[in-house]
There are 2 protein chains.
Amino acid sequence: MDRRQKKTRKAIFSAFSQLLAEKPYSRITVQEIIDTADIGRTTFYAHFETKDDLLKALCEELFDHILNSASNHSEQGLYSLQTAPESIFCHLLQHLKTNRPLIELLSGENNALFLRCFKSGLAELIRQRFESQLQLTYPKIPTDFLIHHLSGSFVEMVLWWIHGGLKQSAEELNHYFQIICKPLL
Amino acid sequence: MDRRQKKTRKAIFSAFSQLLAEKPYSRITVQEIIDTADIGRTTFYAHFETKDDLLKALCEELFDHILNSASNHSEQGLYSLQTAPESIFCHLLQHLKTNRPLIELLSGENNALFLRCFKSGLAELIRQRFESQLQLTYPKIPTDFLIHHLSGSFVEMVLWWIHGGLKQSAEELNHYFQIICKPLL
DNA sequence: ACAATAAAAGAACAGAATGTTCATTATCCT
DNA sequence: AGGATAATGAACATTCTGTTCTTTTATTGT
């Protein structure tokens with residue numbers, strides 16, 4: 001990728017993140033992004049078709065990073081998946097807690113797209129790790145549903161955590177999650 | 001309230017719902033709502049300040065109805081709260097299944113505001129019914145968190161249900177929910 | 001039934017955002 | 001160094017927004 005492209009792309013992402021921290025997504029205009037990033041109008045449209053397109057790209061970058069990190073972690077110790085603080089979930093929570101930009105975006109007014117990304121990425125992770133286990137424990141319930149429930153519950157818990165001001169430690173929150181999911185995992 | 005006002009308000013809601021079924025909220029313009037509702041531009045702005053304002057009003061109307069219905073139902077039989085199909089949750093699911101417009105809105109691209117309404121309304125309902133019970137079962141976990149978890153899980157389940165094409169019966173889904181929440185309720 | 005009241009309609013407006021085109025300039029890569 | 005590629009800036013037609021003002025229509029109380 002051309003150095004200029006990388007530079008522009010970075011400037012756009014940076015401007016967009018900055019604006020997202022200030023106001024809800026719906027109130028941000030392409031014009032503002034252009035002005036903040038200090039690039040030409042044409043340049044923006046050369047990189048992204050629409051504002052939604054940009055948001056999607058940002059989503060993917062952020063969650064790819066954090067979820068891949070969790071995924072790699074879990075492969076290192078297969079036997080510690082379910083015990084705090086080594087569980088994959090606890091690791092995820094710790095990562096999240098130190099990722100300010102991500103927290104900001106998740107707590108923002110217009111976090112719908114982020115949540116979708118987060119949930120679907122997490123669901124994939126859970127499917128890879130726990131599918132067979134879930135199938136055995138509850139043969140009569142669609143595994144699909146259980147995975148959806150777990151990823152949904154986790155993300156909802158994170159939202160509750162963030163809205164409360166991240167008062168609990170990652171370990172404590174992980175403990176809550178263990179209790180909630182006790183019959184499943 | 002003036003008969004004309006009621007008529008206009010209804011026309012706006014109707015047009016808006018219709019458009020929401022066709023395209024995501026973000027792609028709907030006030031202009032389109034005006035055209036579809038066949039009202040004057042000024043009239044729209046006399047009723048609602050912005051598009052967001054309208055969405056909020058629609059939300060409240062829809063969920064007030066379904067949640068109040070569930071709330072009343074549960075008061076009739078205090079002993080049947082946890083057993084299918086008389087549980088309050090099952091009743092909610094049955095109501096939902098027959099409410100096409102609501103289903104459409106919940107399954108739409110831009111359902112964030114609806115979900116917020118649904119979740120907060122449901123959380124309130126759960127708090128009223130189960131708060132003390134939850135507190136006794138898990139004294140060490142914030143009740144607030146458990147309520148959030150339950151309402152979140154329920155709504156997520158409904159979303160999964162809808163996206164799958166409402167293939168399961170309300171009773172079946174309620175059964176899933178019981179299993180998921182077994183340790184809590 | 002008839003004013004007084006209140007709402008809807010319609011036209012017209014300024015301001016702003018969108019998405020595109022095109023010629024020009026700057027930067028990169030080999 | 002030179003061809004390729006990206007960024008720029010200006011201009012443009014369209015569309016949407018939110019507001020103002022005047023005219024028309026419907027409702028309510030007496």
Side-chain angles (χ1 to χ4, degrees), chain A residues 1-61 105 108-114 116, chain B residues 1-61 105 108-114 116:
Chain A
M1 199 183 202
D2 197 306
R3 202 186 301 162
R4 289 168 294 179
Q5 284 187 72
K6 273 192 263 182
K7 196 178 149 199
T8 311
R9 203 179 161 82
K10 200 176 165 185
I12 294 176
F13 276 149
S14 170
F16 188 44
S17 298
Q18 186 185 321
L19 288 167
L20 272 170
E22 289 170 17
K23 55 174 88 176
Y25 173 76
S26 57
R27 299 255 169 273
I28 296 172
T29 65
V30 175
Q31 193 60 52
E32 283 174 308
I33 300 170
I34 288 168
D35 292 343
T36 309
D38 194 27
I39 55 165
R41 179 161 202 73
T42 328
T43 311
F44 177 87
Y45 284 105
H47 281 259
F48 302 99
E49 286 191 3
T50 68
K51 204 176 58 160
D52 283 10
D53 203 29
L54 166 60
L55 181 56
K56 202 178 156 202
L58 182 62
C59 264
E60 280 166 8
E61 211 174 78
L105 296 176
E109 182 87 2
N110 214 302
N111 53 8
L113 231 160
F114 290 100
R116 246 201 297 281
Chain B
M1 197 182 203
D2 198 307
R3 202 188 301 163
R4 288 169 295 182
Q5 284 186 71
K6 275 191 260 180
K7 197 179 147 198
T8 312
R9 203 179 159 84
K10 200 176 165 186
I12 293 176
F13 275 150
S14 169
F16 187 43
S17 299
Q18 187 186 321
L19 288 167
L20 272 170
E22 288 170 17
K23 55 173 86 174
Y25 173 75
S26 57
R27 298 256 167 272
I28 296 173
T29 65
V30 175
Q31 193 60 54
E32 282 174 310
I33 299 170
I34 288 168
D35 293 343
T36 309
D38 194 28
I39 57 164
R41 177 163 205 71
T42 331
T43 310
F44 177 88
Y45 284 105
H47 281 260
F48 303 98
E49 287 191 3
T50 68
K51 202 177 59 160
D52 284 9
D53 204 30
L54 167 60
L55 181 56
K56 204 179 156 202
L58 182 62
C59 265
E60 280 166 9
E61 210 175 79
L105 295 176
E109 181 87 3
N110 214 303
N111 54 7
L113 231 161
F114 291 101
R116 248 201 296 281

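Just so we're on the same page: letters track the sequence lines, and every chain starts at 1. This is a predicted model, so every value here is computed, not measured.
When atom types are taken as modelled, the side chain of Ser14(B) and the backbone of Lys10(B) share no donor-acceptor pair closer than 3.5 angstrom. For Tyr25(B) (side chain) and Asp52(B) (main-chain N/O), a donor-acceptor pair under 3.5 Å exists by modelled atom type. A donor-acceptor pair under 3.5 Å is formed between the side chain of Ser17(A) and the backbone N or O of Phe13(A). Remark: the backbone N or O of Ile33(A) is not paired with any side-chain donor or acceptor of Lys51(A) at under 3.5 angstrom.
Partners of Thr29(A) according to the side chain to side chain contact (heavy atoms under 4.5 Å, CB included) rule, which considers only residues two or more places apart in sequence or in another chain, are Gln31(A), Glu32(A). Listed by chain and number, the residues in a side chain to side chain contact (heavy atoms under 4.5 Å, CB included) with Ser26(A) are Pro24(A), Asn110(A) (sequence neighbours excluded).
Taking 4.5 Å as the limit, some side-chain heavy atom of Leu55(B) sits within range of a side-chain heavy atom of Phe114(B).
Between the NZ atom of Lys6(B) and the P atom of dA26(D) there is a distance of 17 Å, given to the nearest Å. For Gln5(B) and dT28(D), the CD to C1' distance is 13 Å, given to the nearest whole Å. Taking atom CG of Asp35(B) as the reference point, atom P of dG10(C) lies 12 Å away to the nearest angstrom.
When distances are taken from the side chain of Thr43(B) to each of dA8(C), dT8(D), dA12(C), the shortest belongs to dA8(C). Listed candidates were dT8(D), dT18(C), dA8(C). Nearest to the side chain of Ile39(A) is dT8(D).
Taking a 4.0 Å limit (strictly below) on heavy-atom distances, residues 45-60 of chain B reaches DNA chain C at His47(B). Near DNA chain C, defined here as any heavy-atom distance below 4.0 Å, there are no residues from residues 20-34 of chain B.
Taking CD from Glu22(A) and OG1 from Thr36(A), the interatomic distance works out to 7.5 Å, rounded to the nearest 0.5 Å. For the atom pair Ile12(A) CD1 and Thr43(A) OG1, the distance stands at 7.5 Å (nearest 0.5 Å). Residue Leu113(B) holds its CG atom at 11.5 Å from CG of Leu105(B), rounded to the nearest 0.5 Å. Expressed to the nearest 0.5 Å, how far CD1 of Ile39(A) lies from NE2 of His47(A) amounts to 7.0 Å.
With hydrogens and angles ignored, a donor-acceptor pair closer than 3.5 Å exists between the side chain of Arg41(B) and the base of dG18(D).
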(request) Indicate for each nucleotide in nucleotides 21-30 of chain C, in 5' to 3' sequence, whether protein heavy atoms under 4.0 Å reach the base (B), only the sugar-phosphate (S), or nothing (-). (result) BB---BBSS-
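Between the axis at the start and the axis at the end of the helix from dA1(C)-dT30(D) to dT30(C)-dA1(D) there is an angle of 40°, using five pairs per end and rounding to 10 degrees.
Glu49(A) CD: 12 or fewer foreign heavy atoms inside a 6.0 Å radius.
Asp53(A) and Tyr45(A) form no side-chain donor-acceptor contact under 3.5 Å, judged by distance and modelled atom types alone.
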